[in-house]
Amino acid sequence: MQAYTHVTVIDSTGGPSAPDRTVLVEDGVITAVGRTAEVPVPETASVVDLTGKYLIPGLADMHVHSDIEDERIIPALYLANGVTTVREMWGGPRVHDWRRRIGAGTMSGPRWVVGGNLVDGSPSLWEDIPGPAAPTVVKGAQDARRAVGETRDAGADFVKVYSRLDRESYLALMEEARRQDIPVVGHRSDLVPFVEQVELGQRSFEHVHGLWPALSRDAAEMEASMARISLEPDTYYSSWFRQINEVEWESVNSYDSAAAASVFGRLAANDVALCPTLVMHEKVDLPERAGLEDPRLRYLPPYMREMWKYVLEQVYTRGRSAAEGALRRDLFERRRETVVAMDAAGVRLLAGTDPLTPGVLPGFGLHDELELLVRSGLSPARVLRIATLEAARFLGREQWSGTVREGRAADLVVLEADPLADIRNTTRIHAVVVAGRFIGPGERQALLDTAERAAADQVA
């Protein structure tokens, strides 16, 4: 048993901070939370005095990609940053192996929720981009139904859909997913109106891509513009990216508050979540912030800097004019405003980062996302709730912590300063507890040191 004494508890339920608390943990589960003077500590307990410290639930990054093979890097960066739950958005054998070994206690890492292989239409945006995996490309209802079965057979927790699914394929996929009782998350389809996708039961939408056509006073016309996006040979992703932002710009300038209220109401009523990944949009909309000289890059293999540079130049900014750059800066501010409006309307938000996008680092990126959400207008308390309790509820795994309460898993972060006073204090990590295991300052630094050495060992 462990006893964490004299700590200020912030349980992420919206209640006030609770100073001078003791938290007892046994077999990875919180067994008691109360005033230090009132909670008896067994003589056999290992006591950690946390006077002056703050205790929050473990953080959840709800949009991650783990495309670095060395297991000493990505899992360590998550734990060192207090990220105790991740949602893998393009799963594969390596991540399934990590999850199995973490569950068996033979490897250290966060709790992993793993999606299946990315499912896209033909041609897929990823068909002309080198990468560690090829997407599942579907061409019609039969392919779509098969993709659902393959996802479930692979042991995935959900189906990840992408932007180019045609209407027939999307409808069949959603029907088959309902039949097999497996959630569907991912991008909106360019070829199916957004509101229809909400009503069909997609559980979450990633990024602030393609949302604005549905919020326009000319929604039907803007959705038709989305459907007319066509991919140019040899530049599938970059040509799509340019065109979707043209539609977004036209849509945002015909934004209609009544239309937006209706769409947000449907999202909330259907309990559909939005994972905005503002940190990803910031780097892509404003590439000067991509951080190619970020000192934290020492925790990633040296080739990552060159890969980021290539992706920025060949995918995200290829052919971008100065005028388009100015529009993109404005679009980023509109994205932030829209996220705040959705939160005010009761839409469930998730905190995710899309790591390994240029400028977005595993683990560290979540703290950047939380800061962006606060800078956009949400309170630190609200943002902490989004990154903890809302994630657990969305996943249907409230036993995986989400809050600091008796009976919850002991996934916790000990901070040196109050995150409710300044959300940037989530980076001032003293210690992490995952599944009841205490990772103190020395071991936490060792995780970072090991990741740095492992990164330096990598070659292109």
State whether the side chain of [X] and the backbone N or O of [Y] hold a donor-acceptor pair below 3.5 Å, judged by distance alone.
X      : Y      : result
Asn270 : Val272 : no
Asp97  : Pro93  : no
Asp354 : Met280 : no
Arg188 : Val192 : yes
Glu390 : Leu349 : no
Arg72  : Leu447 : no
Glu176 : Leu173 : no
Ser401 : Ala410 : no
Arg348 : Ala273 : no
Lys283 : Arg289 : yes

Practice problem: Using the six-membered ring wherever Trp is involved, compare the ring planes of His63 and His207 and label them parallel, tilted or perpendicular (cut-offs 30° and 60°). | Solution: tilted
Exercise. Anything under 30° is parallel, anything over 60° is perpendicular, the rest tilted; go ahead and classify Trp240 against His209.
Key: perpendicular
How close do [X] and [Y] get, heavy atom to heavy atom, and via which atoms?
X      : Y      : value
Ala80  : Arg444 : O-NE, 2.5 Å
Asn245 : Leu331 : OD1-CD1, 3.7 Å
Pro276 : Glu369 : CG-OE2, 4.2 Å
Gly116 : Ala156 : N-CB, 3.4 Å
Tyr236 : Pro233 : CE2-CA, 4.0 Å
Leu415 : Thr426 : CD2-O, 3.6 Å

Going by distance alone, is a donor N or O of one side chain under 3.5 Å from an acceptor N or O of the other, for [X] and [Y]?
X      : Y      : result
Tyr170 : Gln202 : yes
Ser66  : Glu88  : yes
Ser239 : Arg242 : no
Asn117 : Trp90  : yes
Asp61  : Thr353 : yes
Thr388 : Arg393 : no

Does a side-chain N-to-carboxylate-O contact under 4.0 Å join [X] and [Y]?
X      : Y      : value
Arg101 : Glu71  : yes
Glu313 : Arg318 : no
Lys160 : Glu206 : no
Arg296 : Glu452 : no

Quiz item: Under the side chain to side chain contact (heavy atoms under 4.5 Å, CB included) criterion, do Ile439 and Val434 qualify, and how do the steps go?
Solution: CA-CA 8 Å; Ile439 300 173; Val434 60; 4.0 Å; yes
Practice problem: Assert yes or no for the condition that the ring centre distance of Trp212 to Tyr255 is strictly below 6.0 Å. | Solution: no
Quiz item: Is any side-chain heavy atom of Val119 less than 4.5 Å from a side-chain heavy atom of Tyr162?
Solution: no
Quiz item: Taking side chain as C-beta onward, heavy atoms only, is Val247 less than 4.5 Å from Pro213?
Solution: yes
Nearest 0.5 Å please: distance from the [atom1] atom of [X] over to the [atom2] atom of [Y].
X      : Y      : atom1 : atom2 : result
Leu211 : Leu274 : CG    : CG    : 6.0 Å
Leu77  : Leu366 : CG    : CG    : 13.0 Å
Leu384 : Ile423 : CG    : CD1   : 4.0 Å
Gln314 : Lys309 : CD    : NZ    : 9.0 Å
Met62  : Leu395 : CE    : CG    : 3.5 Å
Thr450 : Ile73  : OG1   : CD1   : 10.5 Å

Exercise. I would like to know whether Asp368 and Arg375 meet salt bridge (Lys or Arg N to Asp or Glu O under 4.0 Å); could you show each step before the answer?
Key: CA-CA 10 Å; Asp368 298 337; Arg375 282 168 44 200; over 6 Å; no
Quiz prompt | With sequence neighbours excluded, residues passing side chain to side chain contact (heavy atoms under 4.5 Å, CB included) with Ala214 | solution = Phe194, Val195, Glu223, Val263
Exercise. Take Ser169 and Arg164 through the test side-chain hydrogen bond (donor to acceptor under 3.5 Å, both in side chains) and record every step on the way to the result.
Key: CA-CA 10 Å; Ser169 299; Arg164 299 303 296 173; over 6 Å; no
Self-check item: Val432 vs Glu443, side chain to side chain contact (heavy atoms under 4.5 Å, CB included): CA-CA, chis, key distance, verdict
Solution: CA-CA 10 Å; Val432 178; Glu443 185 179 356; over 6 Å; no
Mark yes when over 12 heavy atoms from residues, nucleotides or ligands other than [X] sit less than 6.0 Å from its [atom1]; otherwise mark no.
X      : atom1 : result
Arg437 : CZ    : yes
Glu69  : CD    : no
Arg266 : CZ    : no

Exercise. Sort out for me which residue in Arg329, Arg328, Arg334 forms a side-chain hydrogen bond (donor to acceptor under 3.5 Å, both in side chains) with Asp285.
Key: Arg328
Practice problem: Please say whether the positively charged group of Arg99, taken as NZ for Lys or CZ for Arg, lies over the ring of Trp112, i.e. under 6.0 angstrom from the six-membered ring centre and within 45 degrees of the axis. | Solution: no
Quiz item: Hey, does the Lys NZ or Arg CZ of Arg397 hover above the aromatic six-ring of Trp400, less than 6.0 Å from the centre and inside 45° of the axis?
Solution: yes
Quiz item: Please walk me through it: do Ser189 and Arg167 pass side-chain hydrogen bond (donor to acceptor under 3.5 Å, both in side chains)?
Solution: CA-CA 8 Å; Ser189 168; Arg167 181 181 181 81; over 6 Å; no
Exercise. Check step by step if salt bridge (Lys or Arg N to Asp or Glu O under 4.0 Å) holds for Asp343 and Arg382.
Key: CA-CA 9 Å; Asp343 185 67; Arg382 179 64 183 146; 2.8 Å; yes
Quiz item: Could you go step by step and tell me if Thr136 and Asp120 meet the side chain to side chain contact (heavy atoms under 4.5 Å, CB included) rule?
Solution: CA-CA 6 Å; Thr136 298; Asp120 203 3; over 6 Å; no
Practice problem: Determine which pairs satisfy ring pair (Phe, Tyr, Trp, His ring centres under 6.0 Å) with at least one residue from residues 331-381, sequence neighbours left out, and list them in order. | Solution: Tyr299-Phe364
Self-check item: Working for side chain to side chain contact (heavy atoms under 4.5 Å, CB included), residues Val413 and Ile429
Solution: CA-CA 7 Å; Val413 187; Ile429 298 173; 4.1 Å; yes
